[in-house]
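Read through the structure below, which is laid out as structure tokens, and then see the notes.
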Amino acid sequence: MENFDFGIVGLGVMGRNLLLNMADHDFSVAGLDLDAEKAASLEKEADDKHTIKGTTSAETFVKLIKKPRAIMLLVPAGKPVDSVIDSLLPYLEDGDIVVDGGNSYFEDTNRRVKSLAKKNIHYFGMGISGGEKGARFGPSMMPGGDKDAYERLRPIFEAVAAKVGGEPCVTYLGRGSAGNYVKMVHNGIEYAIMQLIAETYDVLKRGFGFETAQIQQLFEEWNQSELQSYLLEITAVILKKEDPNTGKPLVDLISDTAKAKGTGKWTSQNAMEIQAPVPSIDLAVAMRDISKYKEERVEAASKLRWNDSTETVNNEEIKALFKDAFHFGMLTIFAQGMAQLSIASKEFDYGLNLEEVAKIWRGGCIIRAAVLEDFRKAYKNNPELPNLLLDEELSSQILPRQKAMRSVVKIGIGKGIPMSVYTATLSYFDAYRSESLPTNIIQAQRDYFGAHKYERIDKEGVFHTEWEN
Ligand code: 6PG
């Protein structure tokens, strides 16, 4: 039997759910997993009209799929991807397509594209966002690389992707590892917005004594406004959840040490590599890292004391300030991530169309938010826009909220409550809007201690000065 439309390797949460999503859309799909239980339990899911088959044998799996084959890998990034490719290779043939649907590092994708091309196998990376539910009922998908191969699979992907206004949240994004790169930056933005929400919660709770229920209500209200976004929505749901044993909000019982799989770190690392400043993402990564040092933090808490010196502000005023500051923060975080994409597109010759990126992020993915529609319009008006902050419509949303952002950051600083992403976001904004920066001093210092030379504003060329008399 060689007639399955599609194959998925890795029947974990994402693989299994995406497979069932495809089956719902009348595609026949074979699944491969080394775990026999996962393979067997998959078949039980099939109802009469769907064709689903699970197997633990790479050979059986490949032979089940009609030629030229379309196979998607949904396995953890790194070595597992290489070993799955190795296990499939003996059975793959000319023209087969392998899609990596995981959070693979973009450089790994570049390497795999090259090595599989030598064997006439089309390989491309496609970031998929939306978690378990997204995979099952409509994710946002970010394919890049081999365009012809993508075109062949387009009908399947468009059928299973999330839809916004009837438009599927999947489109071809660009050359090479563009798909993985866009997903990586998606996750970087995800880290920063999650941290922005967490910091809001922290200041309201620790700084102003808000009850969890009050913060919950606030987030729910914000989510009904122009701030509507998946991350706010789920945080409101999270804050409502009670621990069945104690009746306390469950979040109050969850430890404050966060884990990370690494995509946020990669975003920051590569941003530094290509000199795309994304301080909000850098700080979001740093805050997860600092959360790990629990013991030291406990010790420091008793030694490094600070007595709150800020004046009290009434609750209604505080809520209004935070709403505006959060709005400012969200837009300015996106501005950094999108600017990184614009720089990376040139650096890696991806040929990204940022309007399309904004379009497919409007639904299905973790960072979906109402503001994405505005970003889409901004890039439609000017596809070469280097930074969303320069778009007139967006700057008209940001500027009136500047004062609130400054007040909120001042409050956090006064109270000694870390607001790393708020602060970094405001600093980014202030640096970006500074016609002149103190980097002249940096140039002079480098020249002083290392004879690195400097440039001047009044004449062309490079100069060195003997700074000591
Ligand atoms: C998504 C998520 C998804 C996953 C991250 C979590 O878009 O669906 O981003 O990719 O949940 O891997 O990342 P961390 O473990 O690094 O927080």
Side-chain angles (χ1 to χ4, degrees), residues 8 10 12-18 21 72-78 80-81 99-106 108-109 125-144 157 160-162 164 169-170 173 177-198 229-235 237-238 254-271 278 280-292 333-334 337-338 340-341 357-358 360-369 372 421:
I8 289 187
V13 172
M14 291 300 282
R16 188 167 161 281
N17 281 297
L18 199 64
N21 183 352
M72 187 190 285
L73 317 182
L74 278 157
V75 295
V81 177
V99 186
D100 180 2
N103 279 332
S104 282
Y105 188 56
F106 71 100
D108 286 342
T109 297
M126 178 170 79
I128 302 182
S129 178
E132 186 177 352
K133 278 231 177 85
R136 184 69 185 84
F137 302 109
S140 171
M141 303 199 272
M142 297 154 236
F157 294 150
V160 300
V164 174
C169 293
V170 59
L173 290 178
S177 51
N180 290 123
Y181 198 95
V182 170
K183 176 60 171 43
M184 179 184 81
V185 174
H186 165 285
N187 280 29
I189 296 171
E190 171 186 301
Y191 272 53
I193 295 178
M194 286 165 77
Q195 180 65 27
L196 191 75
I197 294 174
S229 59
Y230 175 72
L231 285 168
L232 265 182
E233 178 191 323
I234 64 162
T235 313
V237 175
I238 288 167
I254 296 182
S255 103
D256 65 350
T257 305
K259 296 203 169 49
K261 284 195 194 136
T263 42
K265 179 185 74 182
W266 294 344
T267 310
S268 279
Q269 281 175 332
N270 192 258
V278 289
S280 304
I281 299 173
D282 303 339
L283 264 295
V285 175
M287 291 312 282
R288 286 207 198 178
D289 292 342
I290 210 166
S291 82
K292 295 201 174 106
I333 286 169
F334 268 108
M338 297 306 274
Q340 177 173 353
L341 287 180
V357 174
I360 64 165
W361 280 357
R362 290 176 310 158
C365 67
I366 304 295
I367 60 171
R368 62 184 184 259
L372 260 314
V421 167

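Order of listing sets the numbers, starting from 1, for every ligand and every atom in it. What you are looking at is a predicted structure, and each value in this text was computed from that prediction instead of being measured.
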key: Check: Tyr181 and Leu173 side chains under 4.5 Å, non-hydrogen atoms   = no
remark   = Numbered in order shown, the ligand 1 atoms found under 4.0 Å of a heavy atom of Gly131 are 8 (O)
inquiry  = Atom NZ of residue position Lys261 - does it have more than 12 heavy atoms of other residues, nucleotides or ligands inside 6.0 Å?
reply    = no
request  = Any atoms of ligand 1 less than 4.0 Å from a non-hydrogen atom of Asn103? List them with their elements.
outcome  = 10 (O), 12 (O)
task = Would you check whether Ile366 has a nitrogen or oxygen atom less than 3.5 angstrom from a nitrogen or oxygen atom of ligand 1?
result = no
remark   = Checking heavy-atom distances from atom 15 (O) of ligand 1 to each of Met194, Lys261, Lys259, the winner is Lys261
query = Are His186 and ligand 1 in contact, using a heavy-atom cut-off of under 4.0 Å?
reply = yes
task = Quick one: look up the protein heavy atom nearest atom 16 (O) of ligand 1 and list residue, atom name and how far away it is.
result = Tyr191 OH, 2.4 Å
request  = Using the six-membered ring wherever Trp is involved, compare the ring planes of Phe334 and Trp361 and label them parallel, tilted or perpendicular (cut-offs 30° and 60°).
outcome  = tilted
request  = Taking the side chain as every heavy atom from C-beta outward, state whether Cys365 and His186 have any pair of such atoms under 4.5 Å apart.
outcome  = yes
inquiry  = So Ile360 and Met141, do their side chains get closer than 4.5 Å, heavy atoms only?
reply    = no
task = Identify the protein heavy atom lying closest to atom 7 (O) of ligand 1, giving its residue, its atom name and the separation to 0.1 Å.
result = Ser129 OG, 2.5 Å
inquiry  = Looking at every non-hydrogen atom in both residues, tell me the closest pair between Gly131 and Ile366 and how far apart they are.
reply    = N-CD1, 4.2 Å
query = For atom 9 (O) of ligand 1, what's the nearest protein heavy atom and its distance?
reply = Glu190 OE1, 2.6 Å
Arg288 and ligand 1 - part of the residue with a heavy-atom distance under 4.0 Å = side chain
message = Checking side-chain polar atoms at under 3.5 Å, does Ser291 have a donor or acceptor matched by the opposite partner on Asp256?
response = no
message = Polar contacts were defined as any N/O atom of the residue lying under 3.5 Å from an N/O atom of the ligand; does this apply to Gly130 and ligand 1?
response = yes
key: For atom 3 (C) of ligand 1, closest protein heavy-atom neighbour   = Lys183 NZ, 3.9 Å
ask   = Does the Asn21 side chain pair with the main chain of Val160, one donor and one acceptor, at a distance under 3.5 Å?
value = yes
request  = State the atoms of ligand 1, each with its element, that fall below the 4.0 Å cut-off from a heavy-atom position in Gly262.
outcome  = 16 (O)
ask   = Is Gly264 in contact with ligand 1, taking contact as a heavy-atom separation below 4.0 Å?
value = no
message = Quiz question for you: does at least one protein heavy atom lie closer than 4.0 Å to atom 11 (O) of ligand 1?
response = no
task = Starting from the C-alpha separation in whole Å, work towards a yes-or-no answer on side chain to side chain donor-acceptor pair (under 3.5 Å) for Thr263 and Asn103.
result = CA-CA 7 Å; Thr263 42; Asn103 279 332; 5.0 Å; no
task = Answer yes or no: are there more than 12 heavy-atom neighbours, outside Ile234 itself, under 6.0 Å from its atom CD1?
result = yes
task = Would you mind checking which non-hydrogen protein atom is closest to atom 5 (C) of ligand 1, with the distance to 0.1 Å?
result = Asn187 ND2, 3.8 Å
